Structures are given as C-alpha cells and as structure tokens.
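Everything numeric here is computed off the predicted structure, so don't read it as measured data.
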Amino acid sequence: MQRIGVFVCWCGSNIAGTVDVKAVAEALGHEPGVVFSTNYQYMCSEAGQNIIKDAIRDYQLTGVVICSCSPRMHEATFRKTAAAAGLNPYMVEIANIREQCSWIHKDMPTGTEKAIILGRAAIAKVHLNAPLVAGTSPVAKRALVIGGGIAGIQTALDIADAGFDVDIVEKQPTIGGKMTQLDKTFPTLDCAACILTPKMVDCAQHEKINIYAYSEVTEVKGFVGNFTVTIKKKARYVDTTKCTGCGLCTEKCPMKKVPNEFNLGMDNRRAIYIPFAQAVPKVATIDPDYCNMLKNGKCGVCAKVCTAGAIDYKQQDELIEEKYGAIVVATGYNPIKLDNFDEFGYSQSKDVITSLEFERLTNAAGPTSGQLLRPSDGEHPHTIVFVQCVGSRDTSGCGKPYCSKICCMYTAKHAMLTREKYPDTDVYVFYIDVRTPGKNFDEFYRRAVEEYGVHYVKGMVGKVAPQADGKLMVQASDLISNEQLHIQADLVVLAAAIEPDKSARPLATMLTASMDTNDFFTEAHPKLRPVESPTAGIFLSGACQGPKDIPETVSQAGAAAAKVIGLLAKDQLTCNPCVAHSDELMCNGCSSCEKVCPYGAITYADKEFRMPDRTVAIRRVAMVNEAVCQGCGACTVACPSGAMDLKGFSNSQIMAEVDAICK
C-alpha cells in the first residue's frame, strides 16, 4: 500500500491568484493512499523543500505528488529533494497546476476544480509507480559546431581553449559567415574584417579545431554524450593539401561570367574561385555548374597553370562519420527575399538594393572597391532613401511578424558612413519606430541625427517608382507633420527582414530539436536555459535562435561553449531510466518499433520459449538497448501487439490517470 504525500505550491500569486490552494490540498488529502497533504507559498524554495524532506521521513512516504509549475521547471529539483530524504526520485510526480490550470483560467472555482483533477491524476499514477535506477553512459570528448559564422567560430574557440576537440562544419567554401560581407560594425564602427579575420585564422591554426568547409551534416544518430554524425565533404575538385591559395588558377580560368554570390551577384567571378582574400581555408573551389571541364570535358586550363598539381577533376564527395558528445547549432540567418514587395521596385530597378548589398558597395573588397556608386550607371548618388522594416513586423503574411532587431542600428551606421564620406549626399531614413536597446546604441542613433544631419522621417514608404530619367520617385508619409512626401532619389536601400538559414528546418529534423513557427530554434527555457535545446546535448549559438547583433551573438556563443564544456568535462552521464522495455511473451517480431525508433535502440533476436507441451519454440522478439533508448515512447505507440511499454509512463499508468480525470 502506497503512502503518498501531496504538496501544493502557491507560486506566489501565479497559482494562488486563480486556484484555492488550501481547498486543493484539503481535497487531495482524502484521496486513497494519501497520508499527508499540505500547501506552501514557494515549494521550490529551501524552506519548501525542507517541508517535503521532513514529511518523507516523518510519514514514511513511498510516493510524492507536487502540485506546482511545469515539470520542465523544477522536476529535477524535486527529485533531488526526494533522493536527499531517502526516497527513490522516480516516485515523484508533478501535477502542472500553473501552465495547465491557473494561467489559463480566470475564475477561482474553475481553476480550483481543475487543479484537484490534475492532482488526482498524478496520485493515480504514483500508485502504479515503481522505483527506477538510472544507469550511466560514457561521453565522447569531442564537440561538433554546425555553422562557421562568428557564432560558430567563437563557440569553437572557447571549447577548444578548454582542451576539447572541436569540428566546425560549414556549407560554404570558407568560414566567416555573414560578418565577412560587412564593412563596419556598430556602434564603434570597427572594420568587420579586422575583428573577424584574426578569429578565422585562430580557428585554422588551433590544434584542437578541425574545419570541414564546403561540407554539410547529412545524418545524426545517438543521444547526448554519444552522437554519431555523418558529414558530407563536397568535392572541391581541388586537393586542399596541395593548394597554396596563390590564385593563379582563378586568374587564368576562361569562364569569367559566373555570378559572384559573395558580392550578392553584383559582379562576376570565375568558375574556379576563392571567395575573398582572407578566406579560411584559403584554397580554390571549382563550381561544377559552370566548369567546362567538368561539364563537357573541354578546357583544363586551371590544371595546366597550377604549379602545385592541386587540381583533381575526378574528386568525389566524401562521407565522414564521427562521434561527438555535444552538438552546437550555429546556422545563422539570411535576409528575406523581396519578391513579395513589388511596391518598393526591387525587381524593377538596379538602384533599389538591400542593406547587405549596400554593405558590399561600401566595402573596399566589394564590386566597386568601396566607392558608393549606383549599380545602374556607376554614378555617385546624391539622394539616398533608406526604408526600415521591409518585411519585419509584418502581419499581412508577406513578411515576418517579428522585429529583426539589427536593422535600426545598421541603417544608422549606413547613414552616418555615407554622410561622413560623401557630405554632399542627402540621406533620408523612413521608420516606424527606432529601436536601440543595446549599450551605447541610442547615443549612436542620436549622433546620426544631430552630428551627421541624417533626415529621420517617422512614416512609411508607400511606393518606389522608377522614372524615365533614371531617378526613383519615392512616395511616403510623414506622420509627425501629417504630410505626403515625394522624394526624387538616386538610390533606395531596403532594410530587409532576416530569417533563419534554409538549412535550419531539415537540420532540426535530424537533431530532433524544436523550432518555432518562424523556423528559429527553440530554447529549453527562455530564461533559465536560453542556449540549450529541449533535446539533451544540442546547444544553440547565434541567430539560429532569434535575431541578434554581433555582440549578443558572441555572448551567446560563449554561453553555449560553457555548457558544452560542462558536458564534455564529465566522464559519464546519468541515463534516463524511463526507457522502453519489451514483453517477450507478447512480442510478435513485426519490426514496427524498430522502424520508428529515432535512436536505433531496438534490435531483434531469436529466443527459445518452452511451450506447455514441453516442446521448445524459437521466436523473434524485440530487444531494447537501455543505454541508447531515450524514452521518447514512439515504439509504444507503434507496437500493434502492446508488447512495448515505457518505464515510468506505462500504458497502465497513463490509463490510471485518464480514469482519475474522468471519474
């Protein structure tokens, strides 16, 4: 017979404001098997935990029900409390009467009634709980960082400096990410390359870091501490061990008119190329879509001029399998496509550009060698209009409903740099709100207005219309003066919203990680675990989790690295004892559970069974590797015979909860 204790938490007014906690404790105290029931303001506090410990000892409790907040918050806390008092931690159940009850009900009678029902269900489950013992599993002392932008670079460096091996997987031929395309960074106006390039070199030279550039992750198996990852290293058709990065092949290649993606298609590159001068690794890559030798077997100029003999037209994609203890996602962001915003004339005029294209125009390594020239005719623009929030804070369905966070500041940067270098240029910025929440950000924005004379206009641009004389007619509203404005501009710059990289969604599926409706990775808890995924062993770094500027990205990268280091420093991890198990007498060997198991924890074996007539029968039955199983429960749902069950969440326990709710 179970001796159960019930502890109802007020959670301040979070629960007590809508739930009569004393009535809940009183009602649950009369449930079968309950020998102690009480309530307290903050059950997770030290005093609250001491109440639980004392009750376990004084009443010889065999099970505990905590009516409080989500188990995601404090289940581990209460299990440790029970263990400290000598009770098996898996005899503790959480009834979520905050998120599932008090926060969604307005009146106390309804909230109180539902809290009692949830508590009754948890008590019913505890009656069927059995003590579980957690096993252990070893930890692979190696980390994988997916994405080689500033977030991935900083994460990898911090982990490597702690003495652990790190692999960076980057889909582009070089690491560096979006920051390599920037000219200056706000609010200090430092040269982006001057900040980033040394870190790129540090990565390349660090003995603990291995860079898989021009590669991608194709498969992830396993679990925290023991991930097995398959990496596809795409063929460069250049031997990276021989290439010296001299660039002679890129000068002699006859295929000259390949759109240069690094400069966003505003100029051309060769079929064999090095993305930019400071690329890491600085080795050439042949684009198979444009190389005549790979397409039709005619050319071979690059092989003839390469003195190192690095060109290898027969090179194939290579699959590499490696084990990792932790994985960091740092897949970054991209500006949204502006196909749905025809009112701004982006597809109609070359002189309507995005902010990232503006960065390339002002960059010394850009298509115009740093000269701010109109793409249409190469002339210097004298009137520039910047349009904020293009696709951001857009609930119409064309753009994104969230604020992209970085646009206000980089537009102020663009406006200041333009006025500083070209004082004869009139600069207008049309905005909804100016958001400058970072350190020294507001001062930076005010400098643009007060010192540099940038015209900030609170209002929306309704239309950008190309004119016959090459000008752009900008029609906009000034909400402060309540006037309609018509400005003849030479150049219009659109601050396009940012979104997660397209690789994020398929990667999340491989990692069994959670994402929100905008395809940003979801953290385990927005306040307490902001750099961890709900999937154990998966960590988040940079803009893959939400829009961020460079300082915030670097901060989060360091935080993610600290979490990884804490994980890799352990020799063993405690396994989840709530794992699947098979009733061999009921199993019919159909393989349904094996097919749905995302961790590969289920195998099959032939076993002998003695029949009632003393004959021996051999049957194929499922076997669960408890060290690999993560207790997801997919097999229990798929099993047609009901042979698969989950310790701690068995079918009988779940049905007992349902019966308690329905009675």
Side-chain angles (χ1 to χ4, degrees), residues 149 172 177-186 192 259-268 275-276 332-363 365-368 370-378 381 383-394 398-400 402-418 425 427-432 454 460-466 472 474 476 489-502 543 547-550:
Q172 298 298 331
K178 287 289 182 294
M179 193 172 171
T180 60
Q181 296 174 291
L182 307 183
D183 182 31
K184 300 288 192 297
T185 62
F186 59 80
N260 186 353
E261 57 272 15
F262 184 72
N263 283 331
L264 307 176
M266 291 191 289
D267 65 352
N268 295 321
F276 57 96
Y333 73 92
N334 279 309
I336 66 169
K337 293 184 177 180
L338 299 177
D339 300 342
N340 295 328
F341 298 90
D342 288 340
E343 66 269 25
F344 297 120
Y346 181 75
S347 60
Q348 304 166 30
S349 173
K350 292 183 178 180
D351 296 330
V352 180
I353 62 175
T354 66
S355 296
L356 192 55
E357 290 170 342
F358 187 87
E359 288 278 356
R360 298 310 302 153
L361 288 178
T362 57
N363 193 300
T368 59
Q371 297 296 312
L372 182 55
L373 304 175
R374 297 203 326 169
S376 61
D377 55 15
T383 303
I384 302 177
V385 171
F386 291 89
V387 184
Q388 292 285 73
C389 296
V390 178
S392 295
R393 305 168 66 186
D394 186 341
C398 294
K400 304 296 180 179
Y402 51 82
C403 170
S404 294
K405 198 171 186 176
I406 59 176
C407 316
C408 289
M409 287 300 294
Y410 70 56
T411 296
K413 174 192 72 174
H414 291 161
M416 288 172 63
L417 292 175
T418 301
T425 304
V427 176
Y428 295 85
V429 177
F430 286 88
Y431 68 95
I432 302 174
V454 178
M460 295 292 293
V461 171
K463 187 172 181 62
V464 177
L472 298 167
V474 179
D490 299 308
L491 190 68
V492 172
V493 184
L494 307 179
I498 64 173
E499 64 181 359
D501 189 81
K502 296 300 182 185
K548 291 178 180 65
D549 57 27
I550 294 170

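- Heavy atoms only, all atoms of each residue included: Met179 and Thr185 are closest at CE-CG2, 4.4 Å.
- In terms of the side chain to side chain contact (heavy atoms under 4.5 Å, CB included) criterion, residue partners of Pro466 (sequence neighbours excluded) are, by chain and number, Gln348, Ser349, Leu472.
- Atom CD in Glu357 sits 10.0 Å away from atom CG in Leu491 (nearest 0.5 Å).
- Rounding to the nearest 0.5 angstrom, the gap separating the CG atom in Asp183 from the CZ atom in Phe358 is 9.5 Å.
- For the atom pair CG of Asp549 and NZ of Lys405, the computed distance is 6.5 Å after rounding to the nearest 0.5 Å.
- By the 4.5 Å heavy-atom criterion applied to side chains, Arg393 and Cys403 are counted as neighbours.
- Residue pairs meeting the salt bridge (charged side-chain N to carboxylate O under 4.0 Å, His left out) criterion with at least one member in residues 337-354, sequence neighbours excluded, are Asp351-Arg374.
- Contact annotation: the side chain of Leu356 approaches that of Leu182 to within less than 4.5 Å [non-hydrogen atoms, C-beta and beyond].
- Residue Ile384 forms a side-chain contact (heavy atoms from CB on, under 4.5 Å) with just one option from Asp490, Val492, Leu372, and that option is Leu372.
- Closest non-hydrogen pair, Thr425 versus Pro381, comes out as OG1-O, 3.4 Å.
- In this structure, Arg360 and Ala365 approach most closely via the heavy-atom pair NH2-O, 3.5 Å.
- Looking at Lys413, its side chain does come within 3.5 Å of a backbone N or O of Lys184 through a donor-acceptor pair.
- Once rounded to the nearest 0.5 Å, the distance linking CG of Asp394 with CG of Asn340 reads 9.5 Å.
- Counting only distance, with no hydrogens or angles, the side chain of Ser355 and the backbone of Leu494 share a donor-acceptor pair below 3.5 Å.
- For the pair Lys178/Asn334, a side-chain contact is recorded, criterion being any heavy-atom separation below 4.5 Å from C-beta on.
- The aromatic rings of Phe341 and Phe344 lie parallel to each other, with less than 30° between the two planes, well short of the 60° mark.
- Residues that satisfy the side chain to side chain contact (heavy atoms under 4.5 Å, CB included) test with Asn260, not counting sequence neighbours, are Phe262, Asn263, Asp267, Arg269.
- Proximity of Val429 to Gln388: side-chain heavy atoms (C-beta onward) are separated by under 4.5 Å at one or more points.
- Of all non-hydrogen atoms in Pro335 and Glu499, the two that sit nearest each other are O-OE2, 4.4 Å.
- Between atom CD1 of residue Ile406 and atom CD1 of residue Ile498 there is a gap of 4.0 Å, rounded to the nearest 0.5 Å.
- Residue Cys408 holds its SG atom at 9.5 Å from CZ of Phe186, rounded to the nearest 0.5 Å.
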